[in-house]
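Quick note on labels: first sequence line is chain A, next is B, and so on, each numbered from 1. Quantities reported herein were computed from a predicted structural model and do not represent experimental measurements.
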Amino acid sequence: MRILSSDLKDHIGKTVHIEGWLHKKRLLGGLTFINVRDRRGLIQVVIQDKDEVEKLRGLQIGTVLTVDGKVVDEPRAPGGAELHDAKLEVLVPVTDEPPIEIDKPLSHKPDNLDTLFEYRGLGLRNLQEQKVFKIRASLLRNIREYLTEHDFVEIQTPKLLAGATEGGAEVFKLDYFGQEATLAQSPQLYKQMLVGAFERVFEIAPAFRAEPSATTRHMSEVMMLDIEMGFIRDHGEVLDLVGDMTISVLKKVYKEHAHDLKSLNAPELVVADKVPKIPVAEIHELYTKATGNDTTAEKDLTPDEERWICDYAKKKFGSELVYATDFPIEAMKFYHRVNPDDPKTVLWGDLLFRGLEIATVPMRENHHDQLVKQMKQAGMDVNHPGYKYFLQAMKYGLPPHGGCGYGVDRLVEKTIGLGNVKEATLFPRDINRLAP
RNA sequence: GGGCUCGUAGUGAAGAGGCCUAUCACGCCUCCCUGUCACGGAGGAGAUCGCCGGUUCGAAUCCGGUCGGGCCCGCCA
C-alpha cells in the first residue's frame with residue numbers, strides 16, 4: 001500500500017512503499033540523498049547500496065519511481081523521518097534534461113512571465129508555485145461554503161450564446177452550424193432569469209472578453225463568480241452580502257494558509273467588520289484634492305484613483321477592502337437600476353481590494369416596462385433572441401434583485417500579492433497567448 | 001488603438017563601439033566525497049548575442065525595418 005509523504009511519521013520502524021517523482025538528488029559518494037515528491041510534499045530517501053544509486057544514473061528530475069524502505073525517526077531529516085535500505089523501481093524514466101529547474105521557482109518578474117507560462121506544466125511541479133493554486137482552490141471552496149450556507153443555489157449557464165449579453169465588452173464570435181454565435185462575456189441575463197426560480201443563485205465559470213487589453217489586470221478568459229439575490233429592500237443588502245463574504249473568506253484563508261501566504265510574501269491582511277462605502281463623486285473630490293489631478297469630470301475611477309482610494313481606506317478605516325458607490329448615470333448599463341432618490345446616479349458599487357477593482361455590485365431594474373424603456377433608449381433590439389427570454393422572465397415577475405460579477409483571478413492575485421492577474425491563473429489567455 | 005520599453009547558452013543575469021576567441025550563477029556530463037537539505041571539490045560540454053539590412057577599418061553594443069515579449073494609457077470588469 002502506498003504511503004504519502006505527510007503520513008510517513010506514522011510508520012516509524014516499518015517498511016513502507018512510496019510512489020512519486022524524483023525531485024532532487026544529492027550524491028555524497030558512499031551516501032546518496034534523494035527527495036521524492038508526491039501530492040502532499042517531499043520524502044527524503046537515503047541510499048547506500050551502490051546498485052540502487054546506479055538505477056538513477058542518467059535519469060533526470062521528474063523520473064517517476066517507487067521506493068520501498070524502512071521509515072526511520074531522524075531529526076536531521078526534513079520532516080523528522082526518512083527512508084533507509086531503499087529499493088528503487090523506476091516506473092517512467094526521464095532522460096531529457098528538463099528545460100527549467102523544477103526545484104527552483106520560476107521568476108515572476110514581468111519580463112519573464114512568458115517563460116513562466118511557456119513551461120507552466122513543469123513549473124507547477126515546484127512546491128512554491130503550487131501554493132498559489134492551493135490558495136486559489138481554498139478561496140473558491142470557502143466562497144462556495146459561504147454562499148451555500150446563505151441559501152444560494154449553484155447554477156451553470158450556457159457559454160455559447162445567440163447574441164451579446166451585456167452590450168459592454170467586445171465578444172468573441174464563432175460559427176454555430178452556420179449561424180453566428182458568441183462566447184458569453186457574463187452570465188448576467190441568465191442569472192437574473194434564475195432569480196425568478198431560485199431567488200438566490202451563484203455561478204463560478206469562465207467569461208470571455210475580446211477586448212484588446214494588454215495590462216496586468218486583464219485576460220480574454222476570466223473566472224467569474226456571479227451572484228444574484230432576490231427580495232432585497234435596498235442596495236446596501238447586496239453590498240453587505242458580497243462585502244461580508246469577502247471579509248469572511250479572506251479571514252479563513254489567511255488563517256488556514258498562514259504559513260504558505262507568508263512564504264509567498266503576501267501582505268498582512270487588514271480588514272474591518274464591514275467594507276466602508278464611499279461615493280464615486282466623493283472619491284474624485286478626495287483624490288483631486290490630495291493629488292492635484294482633477295478627475296471630477298470622469299465617469300469611472302481611473303486606475304490611479306483605485307490605488308489611491310485603497311490606500312486611503314486602509315489608513316482611514318483600517319480596511320484594504322473599500323466600496324466605490326453611486327456611479328454616475330453616464331456609466332450605467334441597460335439592466336441597471338437608477339437610484340430613485342438621485343436620478344443622476346445608479347445603484348451600483350465597485351468592490352476594490354488592494355488597489356484593484358475585484359467586483360461590481362449593482363441593483364437591477366426589475367420592472368419589465370421600465371427595462372424595455374431603458375433598452376430602447378440604449379438603441380437595443382428587444383426582440384433579439386439574446387434578450388427575448390430574459391424579458392420573458394422579467395414580464396412574469398422578478399422581485400427586486402441585485403448581485404455581483406466578481407473576478408476570481410483578481411481576488412487570488414491580490415490575496416497573495418502577485419503583480420499580474422495571469423500569475424494567479426493556471427493557463428492564462430491573453431491577446432498573445434492561446435496555449436498551453 | 002496610442003505611448004514607452006526589452007530580446008545574450010536550457011534557466012536567470014553581466015557586458016553599452018576594439019579589452020568578446022562573449023562573463024557569471026544555476027542546471028547538464030565525468031570524476032572525488034558517508035548526513036546532505038541552495039551539499040562541497042576538480043574538470044568539461046553548451047550561445048553564429050531574436051531575424052534582416054545599414055553605418056563603421058571594426059557591431060552583442062549605433063541606426064532602420066521586422067518578429068516576439070513586457071509595462072502604462074485607452075477600451076473593458
Exercise. Restricting to pairs with a member in residues 282-306 of chain A, which pass ring pair (Phe, Tyr, Trp, His ring centres under 6.0 Å), not counting sequence neighbours?
Worked result: A:Tyr287-A:Trp308
Exercise. With respect to the side chain of A:Pro110, which nucleotide from B:C71, B:C73, B:C28 is positioned closest?
Worked result: B:C71
For this session: Using a strict 4.0 Å threshold on nitrogen-to-oxygen distance, state whether A:Lys134 and A:Asp260 make a salt bridge.
Result: no
Exercise. Within the structure, does a side-chain N or O atom of A:Arg217 lie under 4.0 Å from either OP1 or OP2 of B:C73?
Worked result: yes
Exercise. Which whole-number value in Å describes the distance from A:Lys422 NZ to B:G69 P?
Worked result: 10 Å
Problem set entry | A:Lys87/A:Asp49 salt bridge by N-O under 4.0 Å criterion | yes
Exercise. Quick one: is A:Arg57 getting a side-chain N or O under 4.0 Å of the B:C31 phosphate, OP1 or OP2?
Worked result: yes
Review item, nucleotides 10-12 of chain B N/O atoms under 3.5 Å of protein N/O:
| unit_1 | atom_1 | unit_2 | atom_2 | d |
| --- | --- | --- | --- | --- |
| B:G10 | O2' | A:Pro99 | O | 2.2 |
| B:G10 | N2 | A:Glu101 | OE2 | 3.3 |
| B:G12 | OP1 | A:Thr115 | OG1 | 2.9 |
| B:G12 | O3' | A:Asn112 | ND2 | 3.1 |

Problem set entry | Whole-Å P distance, B:C4 and B:G64 | 12 Å
Problem set entry | Separation between the C1' atoms of B:A22 and B:G18, rounded to whole Å | 14 Å
Exercise. Considering only the P atoms, how many Å lie between B:A59 and B:C19, rounded to the nearest integer?
Worked result: 11 Å
Seminar exercise, completed: Any strand, both distances under 3.5 Å, Watson-Crick or G-U wobble: B:C62 pairs with B:G54
For this session: Sort out the partner of B:C4 for me: Watson-Crick or G-U wobble, both distances under 3.5 Å, none otherwise.
Result: B:G70
Seminar exercise, completed: In whole angstroms, the gap separating P of B:G74 from CG of A:Leu301 amounts to 11 Å
Exercise. Looking across every strand, which nucleic acid part, if any, lies under 4.0 Å from A:Ala77 by heavy atom: base, sugar-phosphate, or nothing?
Worked result: base
Exercise. Contacts to RNA chain B from residues 16-38 of chain A, heavy-atom cutoff under 4.0 Å, which residues?
Worked result: A:Lys24, A:Arg26, A:Leu27, A:Leu28, A:Gly29, A:Gly30, A:Leu31, A:Phe33
Exercise. How close or far is atom P of B:U36 from atom CG of A:Asp103, stated in whole angstroms?
Worked result: 17 Å
Exercise. Between B:G35, B:C72, B:C76, which nucleotide gets closest to the side-chain atoms of A:Thr215?
Worked result: B:C72
Exercise. Atom NE2 of A:His108 and atom P of B:A13: how far apart are they, to the nearest Å?
Worked result: 13 Å
Exercise. Distance between the C1' atoms of B:C49 and B:A13, in whole angstroms?
Worked result: 14 Å
For this session: Tell me, please, which residues at least two apart from A:Asp350 pass side chain to side chain donor-acceptor pair (under 3.5 Å).
Result: A:Trp348, A:Thr360
Problem set entry | Separation of the P atoms in B:G70 and B:G12, to the nearest angstrom | 13 Å
Problem set entry | Sugar-phosphate, base or nothing in reach of A:Thr360, heavy atoms under 4.0 Å | sugar-phosphate
Exercise. Base, sugar-phosphate alone, or nothing: which one does A:Ala359 contact when heavy atoms must sit under 4.0 Å apart?
Worked result: nothing
Exercise. Rounded to whole angstroms, how far apart are CZ on A:Arg410 and P on B:C76?
Worked result: 13 Å
Problem set entry | Qualifying residues under salt bridge (charged side-chain N to carboxylate O under 4.0 Å, His left out), relative to A:Glu154, sequence neighbours excluded | A:Arg144
For this session: Would you classify A:Thr216 as touching base, sugar-phosphate or nothing, given that sugar-phosphate means primed atoms plus P, OP1 and OP2, and contacts are heavy atoms under 4.0 Å?
Result: sugar-phosphate
Exercise. Donor-acceptor pair, A:Thr325 side chain versus A:Gly349 backbone, under 3.5 Å?
Worked result: no
Exercise. Rounded to whole angstroms, how far apart are CG on A:Leu83 and C1' on B:C37?
Worked result: 16 Å
For this session: Pick base, sugar-phosphate or nothing for A:Glu82, based on heavy-atom distances below 4.0 Å to the nucleic acid.
Result: base
Exercise. With respect to the phosphate group of B:G70, does any side-chain polar atom (N or O) of A:Asn420 fall under 4.0 Å of OP1 or OP2?
Worked result: no
Exercise. In terms of side-chain heavy atoms of A:Asn432, which of B:C71, B:C37, B:G69 is nearest?
Worked result: B:G69
For this session: Identify, between A:Gly58 and A:Glu306, the residue whose nearest nucleotide on RNA chain B lies closer to the 5' end.
Result: A:Gly58
Exercise. Within this structure, what is the CZ-to-P distance between A:Arg76 and B:U34, rounded to whole angstrom?
Worked result: 14 Å
For this session: Sticking with atom C1', work out how far B:C39 lies from B:G7, rounded to a whole angstrom.
Result: 35 Å
Exercise. Under the 3.5 angstrom rule, does the side chain of A:Asp409 hit a backbone N or O of A:Met223 as a donor-acceptor pair?
Worked result: yes
For this session: Please list, chain by chain and in numerical order, all residues satisfying salt bridge (charged side-chain N to carboxylate O under 4.0 Å, His left out) with A:Lys104, sequence neighbours excluded.
Result: A:Glu101
Exercise. Which part of the nucleic acid does A:Asp300 contact within heavy-atom distance under 4.0 Å: base, sugar-phosphate only, or nothing?
Worked result: base
Show me the side-chain donor-acceptor pairs of residues 66-73 of chain A shorter than 3.5 Å, one per line, residues at least two apart or across chains.
| unit_1 | atom_1 | unit_2 | atom_2 | d |
| --- | --- | --- | --- | --- |
| A:Asp68 | OD1 | A:His17 | ND1 | 3.1 |
| A:Asp68 | OD2 | A:His17 | ND1 | 3.4 |

Exercise. Between A:Thr302 and A:Val46, which has a closest nucleotide on RNA chain B that is more 5'?
Worked result: A:Val46
For this session: Counting heavy atoms from C-beta on, name the nucleotide in B:G70, B:C76, B:C75 closest to the side chain of A:Ser213.
Result: B:C75
Exercise. Listed by chain and number, what are the salt bridge (charged side-chain N to carboxylate O under 4.0 Å, His left out) partners of A:Asp85, not counting sequence neighbours?
Worked result: none
For this session: Can you tell me, in whole Å, how much space there is between the P of B:U48 and that of B:G10?
Result: 7 Å
Problem set entry | Worked verdict on A:Leu347 versus A:Val338 for side chain to side chain contact (heavy atoms under 4.5 Å, CB included) | CA-CA 6 Å; A:Leu347 293 175; A:Val338 176; over 6 Å; no
Problem set entry | A:Glu170 CD - B:G74 P separation (whole Å) | 17 Å
Exercise. A:Gln60 side chain N/O closer than 4.0 Å to the phosphate oxygens (OP1, OP2) of B:C29?
Worked result: yes
Exercise. For the side chain of A:Gln44 and the backbone of A:Asn35, is there at least one donor-acceptor N/O pair under 3.5 Å apart?
Worked result: no
Problem set entry | Residue matched to B:G27 through Watson-Crick or wobble contacts both under 3.5 angstrom | none
Exercise. With sequence neighbours left out, what residues match A:Arg364 under salt bridge (charged side-chain N to carboxylate O under 4.0 Å, His left out)?
Worked result: A:Glu228
Exercise. B:U21 and B:A60: how far apart are their P atoms, nearest whole angstrom?
Worked result: 9 Å
Problem set entry | Qualifying residues under side chain to side chain donor-acceptor pair (under 3.5 Å), relative to A:Arg354, sequence neighbours excluded | A:Tyr254, A:Glu320
For this session: Assign a letter to each nucleotide of nucleotides 44-49 of chain B from its 5' end: B, base within under 4.0 Å of a protein heavy atom; S, sugar-phosphate only; -, no contact.
Result: ------
Exercise. Which residue pairs pass the salt bridge (charged side-chain N to carboxylate O under 4.0 Å, His left out) test with at least one member in residues 276-292 of chain A, sequence neighbours excluded?
Worked result: A:Asp240-A:Lys277
